[in-house]
There are 2 protein chains.
Amino acid sequence: MAKRHKADERLTMAQIAQIAGVSVPTVSKVLNSHTDVAPPTRKRVEQVIVEYGFVRNRAGRALRKGKTGLVDCILPRLDDEYFLPILEGAAQVLHEAGVRLVLTSTHHQTEEEIRGVDTVTDHSTDGILVVLPAEETIEHLERSGLPFVLIHSQGGLLSTAPSVRIASWEGGFVATQYLIARGHQRIAYIGKATVAREAIERIAGYRAALDAADLPIDPQLQCKGDFTEEDGYKATKALLELSEPPTAIFAGNDRQAAGVYRALHELGTIVPDEMSVIGFDNLSFTEIMNPPLTTIHAPRLELGRTAATMLLRLINGKPLEMARVVLSTHLVERQSCRPLARLAKSQ
Amino acid sequence: MAKRHKADERLTMAQIAQIAGVSVPTVSKVLNSHTDVAPPTRKRVEQVIVEYGFVRNRAGRALRKGKTGLVDCILPRLDDEYFLPILEGAAQVLHEAGVRLVLTSTHHQTEEEIRGVDTVTDHSTDGILVVLPAEETIEHLERSGLPFVLIHSQGGLLSTAPSVRIASWEGGFVATQYLIARGHQRIAYIGKATVAREAIERIAGYRAALDAADLPIDPQLQCKGDFTEEDGYKATKALLELSEPPTAIFAGNDRQAAGVYRALHELGTIVPDEMSVIGFDNLSFTEIMNPPLTTIHAPRLELGRTAATMLLRLINGKPLEMARVVLSTHLVERQSCRPLARLAKSQ
DNA sequence: GTGAAAGCGCTAACAG
DNA sequence: CTGTTAGCGCTTTCAC
């Protein structure tokens, strides 16, 4: 077992070498599993290393090798469950590759984000993962020359920067189609008026599904929403005051769906008997909602994994098979939707 | 604006110095805002730095200064909302101090955790934050000589290692007391049989409150539970089959409370009219539960902030005012509890 | 198989 | 005020 040492007494390779009676390069070779070390020598060195609990200074290594073994991940915020699996996925892949993850939270401020990018560009890391980057941030990144991968990149249609996104359009389409297949014709959507690319795609998918089914697209049924619980709540209240309210609500995301539930509960409208509700994202709490929410699963773990994998390739100078990856969503059927025929209020 | 450069062409201070027609130390001084640089010189250097978009290599600096400006945070897992605010709090404080946060997830494996600690001990970071460390991990940490702070340390009563915890006992006591004050006498607790220190304290607080009110402590009302939704569900089912079921359930944590709700809903027992329920942690979804859950708020953000603040002091060689900090909890009253008098089933 | 020498990019000490 | 000198801890030739 390693001996105990004083707090600030950190051994260097030179000291290990001296104790083991060898030279510094030999210790280095042992540490890096080079083959050109005689077994007895290796043994002796290893023993000293273990005995003294030596761990090599990463800074020296980084300086020498020009790589830090660190990757930066810039997130808009940490207190949102949404980002967790992305982080987890990235961490998994990076961990397997022996790369460590440096976390930067920008608290939704572009300025902070750019500062983050600049801080990162000091080569304290070998590459960068950015979730929901602003347009400006992307420019900074491209200028930096560091490898990077964008997650949920907003805009940047022109840019050829490597990115991973979710097929929001498809998700919106599938959710709506699912409702249509169950006989719903008046389907509301909450979450209009956001600039985020994902949101725009989502509502486009909704409209396309209606259109494909030859259903009218009623502007009254498209509610504003910034993807918060409150927005879902308000929109639902408004929706139910319509002369001809919807029979189903596509909530845009799960948080809004929670608001929809709350409004519906207050109004005494029963889900799914009197109103079908479908969410988007598949956040963890949707399972324990009452009734459990049918929703579109956004593969966030894979988002993180894929982005990290791409970044690793970039860092190692390998080419990317695809620069702009789009990950598919799928519907998770639970108990918040019901065929229209059975709806109490309808017809 | 910075000119564009080839991807792998990173300027060094030497190059900047040459371009600006000064020596390397001068550039260093400018970068570090030293006062002993003539204004014109400074101006010229700064201009070159901006023009070429130079950012200094952190590894060189780290090597020279013996500090990396990085702090490691080891978490049992990333896919649990519980840990988010802790991380966020730590990130906030660290960010303010210009220190960056390196994330390590151990996936609940002690082995991984120790490996994590060892990896970290390579001085790639200046200090370590460990959430829910195993006993063994603490030993490794103490041996490493690196500054560290424990968050939610399990066990380690003997250890004097710096740590931050939540007053679980107090929380358990307050929750139970709250129920007692509302006339409840048969109060169940879910979450027995865990080794985690926090859990042991929590149930002790529960028992103490009962005891203080001269209420009997019925073993039947103390259910096993590992703090998952499923455990809350099962325990509740069992509880309601008792000849004399409880009138209130202290769910141990919010996740179990969610299970309690589910079981109760299945059985047609209405919260809070027929059963009062109280949680612990104050996770974000408790607000949108139906009815919103009354729970004990565990100050997780402050947990992270406090731990990070302590670690920073340690890193800078300053003494800690307190080595073992305990953060207070408080009750968040919502709508899942009701005075016993009004209970339909009771008496 | 081993070690001496060189140098990664940076900052601190000091001489001028 | 400025530049010279030295060296952080490590890895990489390249002699021996």
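Here is the naming used below: chain letters follow the sequence lines, and residue numbers restart at 1 for every chain. Treat the numbers as computed from the prediction; the structure is a model and nothing was measured.
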How do B:R44 and A:A14 order along DNA chain D: which one's closest nucleotide is nearer the 5' end? B:R44

Could you tell me how far apart A:L31 (CG) and C:dT2 (C1') are, to the nearest whole angstrom? 16 Å

Checking all strands, does B:V22 fall into the base, sugar-phosphate, or nothing category for heavy-atom contacts under 4.0 angstrom? sugar-phosphate

We want to know whether B:Q92 and B:E88 form a side-chain donor-acceptor pair, criterion being a heavy-atom distance below 3.5 angstrom. yes

Distance from B:I74 atom CD1 to B:I128 atom CD1, nearest 0.5 Å? 5.5 Å

Using five base pairs at each end, measure the axis-to-axis angle across the helix from C:dG1-D:dC16 to C:dG16-D:dC1 and round it to 10 degrees. 40°

Output the rounded distance in Å from CG (A:L63) to C1' (C:dG7). 9 Å

Return the value, rounded to whole Å, for the distance between atom CZ of A:R58 and atom C1' of D:dC8. 18 Å

Whole angstrom is fine here: how far is it from CG in A:N57 over to P in D:dG7? 18 Å

Kindly say if A:R56 contacts the phosphate of D:dC10, meaning a side-chain N or O under 4.0 Å from OP1 or OP2. no

B:H95 NE2 to A:T104 OG1 distance, which is reported to the nearest 0.5 Å: 8.5 Å

What N/O pairs connect the protein and nucleotides 12-16 of chain C at under 3.5 Å? Give each pair on its own line.
none

Would you say A:R61 places a side-chain N or O within less than 4.0 Å of OP1 or OP2 belonging to D:dG9? no

Between A:D126 (side chain only) and A:V71 (backbone N and O only), is there a donor and an acceptor less than 3.5 Å apart? no

So, OP1 or OP2 of C:dG3: does either fall under 4.0 Å of a side-chain N or O from A:T26? yes

Can you tell me which nucleotide in C:dG1, D:dG9, D:dT11 comes closest to the side chain of A:T41? C:dG1

Could you go step by step and tell me if A:V27 and A:V48 meet the side-chain contact (heavy atoms from CB on, under 4.5 Å) rule? CA-CA 10 Å; A:V27 178; A:V48 174; over 6 Å; no

So B:L75 and B:D80, do their side chains get closer than 4.5 Å, heavy atoms only? no

Hey, does A:K29 have a side-chain heavy atom less than 4.5 Å from the side chain of A:V22? no

Within the structure provided, determine whether B:L320 and B:V325 are in side-chain contact (heavy-atom separation under 4.5 Å). no

Between CD1 of B:I86 and CG of B:L303, what distance do you get to the nearest 0.5 Å? 5.0 Å

